[in-house]
Amino acid sequence: MKGAQAWRLGSMGDMQILPGSRHRPPSKRPIWIIFLVSLVSLFLVCAYIYPPHGNAACYMFSSRGCKVLTNWLPPAPARELTDEEIASHVVFRDILNTPSVQSENSKIAFMFLTPSSLPFEKLWDMFFRGHEGKFSVYVHASKEKPVHVSHYFLNREIRSDEVVWGKISMVDAERRLLAHALKDPDNQHFVLLSESCVPLHNFDYVYNYLMHANMSFVDCFMDPGPHGNGRYSEHMLPEVEKKDFRKGAQWFSMRRQHALIVLSDSLYYSRFRDYCKPGLDGKNCIADEHYVPTFFHMIDPGGIANWSVTHVDWSERKWHPKSYRAQDVTYELLKNITSEVQVQPCLWNGLRRPCYLFARKFYPETVDKLMMLLNF
């Protein structure tokens, strides 16, 4: 008994001497870390799939807005181009990469888009005189055969068709003029003008400005309002996305390579022909204000100046720009137009130069006063 008791006591004593295992509650830290990482991952995935459309949500997470959040996200995968897009881009690339050939008789093609006679032929005659061999004239008269007073315009009409303001027929007329002007290999620059356009400088100034420019002068900007991107139709997808939709005045001046790609385009032209028209989906899309700017923004954005060399005054904020009467035409008006500076400076081959070579809209009654003041 004593031996057995001693054994138990000794055993118990030994057991008391040995350090006992301490009970620890299971740690909760790994669970919280996993939960936090999962929450952040879920947020990023949702932000990628459903990007925020307003700034308020972005500023909840950063004072710098959505840009910080988008920098965290992987870039959106590039869309696979359609067969038509691939074929078009190959043609555009080859045309743009072909070096321009300056002939010994390089000319500017002056393309007049008019309903009938040109009221400023006398002024243009004074502008052209003495510079034969440096210019070509083309006239698209959509309503009546013009009556000419200058020999520079005789027999210069091309086959014309009806032109309706706001419809694709305006773009068709522009392309028709380009097609006829491109038949002459000496034409290296192409200027689109209306019957109400007048030159602001003498011929030599205009010739050197355009012929030595390394860009085309195409008005192109983003207008987020109802008369800009509000005219966009999703029917243009996938080739034309809303982020690429641009606006600009139709009065362009472009190099030969750019004239060629406009004429060779059928893909993007067809999207604007079919889905940019007044009344479609309750919108008032004007094809001639959107087709050329959007096309160049998508195909060769670095090749255009993003402004037109033709001055137009939209300060009255109407459907049509301000028109000048005889009493409006003064030396001060012409000086203000030629020295007017846009929001962004007009850079010509990297140098700051006057923005405008031509101006519109002038009433026919101003012709004599303009000839006296300009006196080329």
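Everything quoted here is computed from the prediction, not taken from an experiment.
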Next on the checklist: As a quick check of understanding, evaluate salt bridge (charged side-chain N to carboxylate O under 4.0 Å, His left out) for Glu289 and Arg231, giving each step before the final call.
Outcome noted: CA-CA 11 Å; Glu289 292 183 1; Arg231 296 171 172 175; 2.7 Å; yes
Checklist entry - Is it true that Arg129 and Asp125 have a side-chain N and a carboxylate O under 4.0 angstrom from each other? => result yes
Item to check | Beyond-backbone contact of Pro321 with Trp314, side-chain heavy atoms, under 4.5 angstrom | outcome: yes
Item to check | Cation-aromatic face contact Lys134/Tyr207, 6.0 Å, 45 degrees | outcome: yes
Item to check | Aromatic centroids of His180 and Tyr138 separated by under 6.0 Å | outcome: no
Checklist entry - Heavy atoms, side chains only, cut-off 4.5 Å: are Phe127 and Val198 in contact? => result no
Item to check | Interatomic spacing from OH in Tyr291 to CG in Asp265 - rounded to 0.5 Å | outcome: 3.5 Å
Checklist entry - Under 3.5 Å, is there a donor-acceptor pair linking the side chains of Ser136 and Lys107? => result yes
Checklist outcome for this item: Taken in chain and number order and not counting sequence neighbours, the residues that satisfy disulfide (SG to SG under 2.5 Å) with Cys285 are Cys276
Next on the checklist: Regarding His189 and Ser253, do their side chains bring together a donor and an acceptor under 3.5 Å, going by distance alone?
Outcome noted: yes
Item to check | Lys/Arg N to Asp/Glu carboxylate O, Asp368 vs Lys122, below 4.0 Å | outcome: yes
Checklist entry - Tyr152 and Phe135: aromatic ring centres closer than 6.0 Å? => result yes
Checklist entry - Looking just at side-chain N and O atoms, do Thr294 and Arg246 make a donor-acceptor pair shorter than 3.5 Å? => result no
Checklist entry - What residue pairs, at least two apart or across chains, pass side-chain hydrogen bond (donor to acceptor under 3.5 Å, both in side chains) with a residue in residues 236-245? => result Glu239-Arg271
Checklist entry - In terms of hydrophobic clusters joined by side-chain contacts under 4.5 Å, are Leu192 and Tyr269 together? => result yes
Item to check | CA sep, side-chain torsions, deciding dist, call: Phe128, Phe110, ring pair (Phe, Tyr, Trp, His ring centres under 6.0 Å) | outcome: CA-CA 11 Å; Phe128 290 137; Phe110 291 87; 5.2 Å; yes
Item to check | Residue pair His212 / Asn349, side-chain donor-acceptor N/O under 3.5 Å | outcome: no
Checklist entry - Which one of Val206, Val309, Leu357, Ile337 satisfies the side-chain contact (heavy atoms from CB on, under 4.5 Å) criterion with Leu200? => result Ile337
Next on the checklist: So Arg360 and Trp251, do their side chains get closer than 4.5 Å, heavy atoms only?
Outcome noted: yes
Next on the checklist: Angle between ring planes, Phe272 versus Phe245, binned at 30° and 60°: parallel, tilted or perpendicular?
Outcome noted: parallel
Next on the checklist: Can you confirm whether Ser169 sits close enough to Asp161 that some side-chain heavy atom of one is under 4.5 Å from a side-chain heavy atom of the other?
Outcome noted: no
Checklist entry - Centres of the Trp124 and Phe112 rings: under 6.0 Å? => result yes
Next on the checklist: Show, in sequence, the C-alpha distance, side-chain angles and deciding distance for Arg79 and Glu85, and conclude whether the salt bridge (charged side-chain N to carboxylate O under 4.0 Å, His left out) test is met.
Outcome noted: CA-CA 11 Å; Arg79 177 178 64 83; Glu85 286 177 292; 2.8 Å; yes
Next on the checklist: Determine whether the aromatic ring centres of residues Phe217 and Tyr209 are separated by less than 6.0 angstrom.
Outcome noted: yes
Item to check | Co-membership, hydrophobic cluster, residues Tyr324 and Tyr363, 4.5 Å side-chain | outcome: no
Item to check | Partner of His311 by ring pair (Phe, Tyr, Trp, His ring centres under 6.0 Å), out of Tyr356, Phe362, Phe358 | outcome: Tyr356
Checklist entry - Heavy atoms, side chains only, cut-off 4.5 Å: are Leu370 and Val329 in contact? => result yes
Item to check | Heavy-atom side-chain contact between Ile158 and Ser160 under 4.5 Å | outcome: yes
Checklist entry - Quick one: does Leu81's side chain get under 4.5 Å of His89's, heavy atoms only? => result yes
Checklist outcome for this item: side-chain hydrogen bond (donor to acceptor under 3.5 Å, both in side chains) filter on Lys322, not counting sequence neighbours, yields none
